There are 2 protein chains.
Amino acid sequence: MVDWDLGRLRVLHELAERRTLGAVAAALGYTPSAISQQLATLEREVGQPLTEKAGRGVRLTEAGRILAERAGVLLAGAEAAAAELASLSGEVRGTVRAGGLQSATRHLLIPVLEQLQREQDGLRLELTDLELEQALPELRLGSLDLVISDEYDGHPRPRPAALRYEVIHDEPLRLVLPADHPRAAGGGPVPLELLREDVWVAAAAGTGHHASVVATCRAVGGFDPDLRHRSNDADVQVELVRSAGAVALMPVLALPAADPALAVRDVAGAAVRRRLVLLTRDAPPGPALAAVLAALAERARRLARA
Amino acid sequence: MVDWDLGRLRVLHELAERRTLGAVAAALGYTPSAISQQLATLEREVGQPLTEKAGRGVRLTEAGRILAERAGVLLAGAEAAAAELASLSGEVRGTVRAGGLQSATRHLLIPVLEQLQREQDGLRLELTDLELEQALPELRLGSLDLVISDEYDGHPRPRPAALRYEVIHDEPLRLVLPADHPRAAGGGPVPLELLREDVWVAAAAGTGHHASVVATCRAVGGFDPDLRHRSNDADVQVELVRSAGAVALMPVLALPAADPALAVRDVAGAAVRRRLVLLTRDAPPGPALAAVLAALAERARRLARA
DNA sequence: GTCAGGTCCAGTGACCATTCATAGCCCTGA
DNA sequence: TCAGGGCTATGAATGGTCACTGGACCTGAC
């Protein structure tokens with residue numbers, strides 16, 4: 001008959017994921033001191049230590065890990081109950097927090113945001129730019145409700161458990177060249193091997209884009225690209241093409257607006273593709289999230305037709 | 001991300017079972033005012049009404065019923081987590097609340113209480129005499145941890161869902177007569193039909209005991225007993241036999257200590273039996289409850305041997 | 001009318017987060 | 001090797017908030 005405080009359980013649950021009190025405090029909007037005291041009260045209630053010192057931080061004890069896991073189940077149950085009640089009322093209202101990479105945000109989330117602001121008054125959509133590595137824990141912990149990520153041919157993302165995973169868009173990568181590049185003439189597909197001497201730009205090492213560019217040049221063009229510049233920002237990549245004479249392979253959604261200084265061409269031969277992937281918690285969505293997901297799906301269909 | 005207050009959810013859950021705010025207040029140890037306010041806050045959090053007026057009381061709305069059910073799941077989860085943590089520590093400590101009918105309390109619960117008080121220091125066992133009808137909701141809602149009930153041949157108790165149900169003792173009913181009763185002579189089994197003219201005493205109409213006595217007299221003795229006195233208290237029944245010359249059919253555990261004014265005889269022919277039934281919530285017990293159940297089982301085995 | 005059940009309101013006490021200060025641990029640089 | 005600064009967690013004091021109590025009040029049933 002212990003009516004545990006779900007807030008305190010959430011603290012423990014977040015601590016299991018975020019490792020330090022400070023991170024938990026930041027995530028929940030408290031000071032570290034408050035977190036420390038909440039944990040202390042929880043330990044008093046439980047009657048056994050949940051954390052132990054580990055260097056300058058803390059580590060969960062066995063009991064702590066078990067309770068944190070249980071807490072996750074309880075919190076998910078509470079969320080499910082909230083969703084059920086919300087869909088009972090049917091009203092589309094509340095806040096939905098979305099995270100995603102740049103091009104997805106621009107072409108999917110922002111149009112959806114605009115549309116919903118017009119159509120649904122009680123709905124509030126919050127956007128955050130995040131790397132997938134940061135976004136996944138937030139999604140699992142509930143501080144994000146949906147995440148859009150990407151996935152390149154040959155470099156599948158790990159599929160984390162307890163998350164729903166749906167491909168919502170699939171598009172080719174195209175070549176971006178300076179308009180005065182010798183291979184830009186004509187306008188037809190460009191054989192990749194003709195770009196073996198060029199300077200390339202791609203995303204940072206370790207990303208799907210980077211790996212995909214290298215793999216494509218090797219497989220289709222038969223060479224290792226001189227991948228001299230690395231930026232995860234599409235605008236920076238474009239600027240390097242425009243001003244530094246580099247070449248790039250970019251997904252359609254990341255392409256710049258028509259620009260006389262740039263030429264965009266298909267790759268001759270095998271097309272490389274990337275997919276946009278929608279991640280949500282694997283639980284029935286409330287009406288607010290459902291509305292966002294529906295709008296998102298609609299938007300993705302229109303992108304595919306375009 | 002609504003961290004609902006489990007206390008408030010418990011209020012709702014209890015209300016679903018107990019129907020009136022006053023009853024909930026009494027059960028949880030608050031004033032009705034507090035309950036009313038907790039519900040009001042909960043409704044504000046949920047954003048839709050959970051109760052509606054019905055006469056001078058309240059009734060749960062659809063949303064209220066749904067949330068109450070969800071609350072039940074959450075509360076059970078919290079209890080399971082507590083049990084898991086407790087068994088992790090392995091310490092047998094805490095409070096176990098038991099309810100049961102008189103004879104079971106006297107011969108099973110009280111000896112167990114004595115034993116555990118000697119053997120287990122941190123354990124506290126609380127006993128309550130309750131009719132089964134009152135005890136079952138308490139058990140389901142968690143204000144009791146175990147209940148011992150009885151069951152007579154031919155009158156099975158309804159088996160409520162979500163409760164574990166185990167027969168822990170099985171015993172015959174025996175005849176109790178005044179020592180100077182003509183049929184008490186000898187000491188062997190007494191044919192029931194010889195008692196057709198006697199005045200009988202049994203438990204109140206509607207109980208298993210009452211029905212069982214009537215059914216036995218009809219089936220074995222071929223008569224409708226003159227069931228003049230009704231008391232659920234075994235001592236009162238015995239006193240009526242001793243002082244008013246009535247006769248009774250009593251389960252062994254309810255029999256009085258040896259008394260020269262009384263004769264105890266077997267019934268000739270088919271033996272009528274009653275069973276003691278142990279009811280617990282259908283969830284893994286913590287170490288404290290486990291210890292009580294073990295002691296109870298041991299005690300029941302010793303009763304059976306005796 | 002009277003009673004039972006529920007709600008509203010003001011007052012009070014407990015609890016909880018913040019701030020500020022302290023203590024331990026790790027890394028760095030002399 | 002040691003001193004120091006940064007990082008992390010904890011403790012004490014304070015102030016605000018929240019929730020329960022007690023009482024007045026309302027409504028519906030008998």
Side-chain angles (χ1 to χ4, degrees), chain A residues 1-61 63-65 67-68 71 137 143, chain B residues 1-61 63-65 67-68 71 75 134 137 143:
Chain A
M1 281 264 276
V2 218
D3 283 341
W4 277 330
D5 185 322
L6 282 189
R8 286 200 263 272
L9 287 184
R10 182 177 295 279
V11 165
L12 184 65
H13 184 232
E14 298 258 344
L15 181 60
E17 192 87 28
R18 303 194 193 272
R19 328 300 305 176
T20 81
L21 296 205
V24 175
L28 299 182
Y30 294 122
T31 60
S33 180
I35 300 300
S36 171
Q37 290 175 58
Q38 295 217 27
L39 276 175
T41 3
L42 191 55
E43 295 197 346
R44 235 178 303 121
E45 288 174 352
V46 166
Q48 43 187 319
L50 299 172
T51 60
E52 55 195 6
K53 299 186 183 288
R56 53 187 163 187
V58 293
R59 179 180 36 226
L60 289 186
T61 61
R65 273 191 298 277
L67 186 55
S143 44
Chain B
M1 281 263 276
V2 216
D3 283 340
W4 276 330
D5 185 323
L6 282 189
R8 286 200 263 273
L9 287 183
R10 183 177 294 280
V11 165
L12 184 65
H13 184 232
E14 297 257 345
L15 181 61
E17 192 88 27
R18 304 193 192 273
R19 328 302 302 176
T20 80
L21 296 205
V24 175
L28 298 182
Y30 294 122
T31 60
S33 177
I35 300 301
S36 172
Q37 292 175 59
Q38 295 215 30
L39 276 175
T41 340
L42 191 54
E43 294 197 346
R44 234 179 303 121
E45 287 175 352
V46 166
Q48 44 187 319
L50 298 172
T51 60
E52 56 195 5
K53 297 186 184 288
R56 55 188 162 185
V58 293
R59 177 178 41 224
L60 289 186
T61 61
R65 273 190 299 276
L67 186 55
L75 291 168
Q134 286 109 51
S143 43

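Just so you know, these numbers use all the heavy atoms, side chains as well, and skip hydrogens, waters and symmetry mates. Given the structure is predicted, the values throughout are model-derived calculations rather than measurements. Naming convention: chains lettered A, B, ... in sequence-line order (proteins, then strands); numbering from 1 in each chain.
Rounding to the nearest 0.5 Å places NE2 of B:His13 at 12.0 Å from CG of B:Leu6. The CG atom of B:Asp3 lies 7.5 Å from the CG atom of A:Asp5; values are rounded to the nearest 0.5 Å. Rounded to the nearest 0.5 angstrom, A:Arg8 CZ and A:Leu50 CG are separated by 12.0 Å. With values rounded to the nearest 0.5 angstrom, B:Leu60 atom CG is found 5.0 Å from B:Leu15 atom CG.
Dashed line: the shortest gap from a side-chain N or O of B:Thr31 to OP1 or OP2 of D:dC20 is not under 4.0 Å.
The closest side-chain heavy-atom distance from A:Trp4 to A:Val46 is below 4.5 Å. Counting heavy atoms from C-beta outward, B:Val58 and B:Leu39 have side chains that stay 4.5 Å or more apart.
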>> What does the B/S/- profile of nucleotides 1-12 of chain D look like, 5' to 3', with a 4.0 Å heavy-atom cutoff to protein?
In response: -----BBSSBBB
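As a whole-Å value, the separation of A:Asp5 CG from D:dA19 P is 11 Å. When rounded to the nearest whole Å, the span between CD of B:Glu52 and P of D:dG28 equals 14 Å. To the nearest angstrom, C1' of D:dC18 lies 11 Å from CD of B:Gln38.
With hydrogens and angles left out, the side-chain atoms of B:Thr41 and B:Glu45 include no donor and acceptor closer than 3.5 Å.
The minimum heavy-atom distance between B:Ala63 and B:Gln48, with the atom names listed, is CB-OE1, 3.9 Å.
Think of the region where chain A sits on DNA chain C: with heavy atoms and a 4.0 Å cut, that region ends 5' and 3' at C:dC16 to C:dC26.
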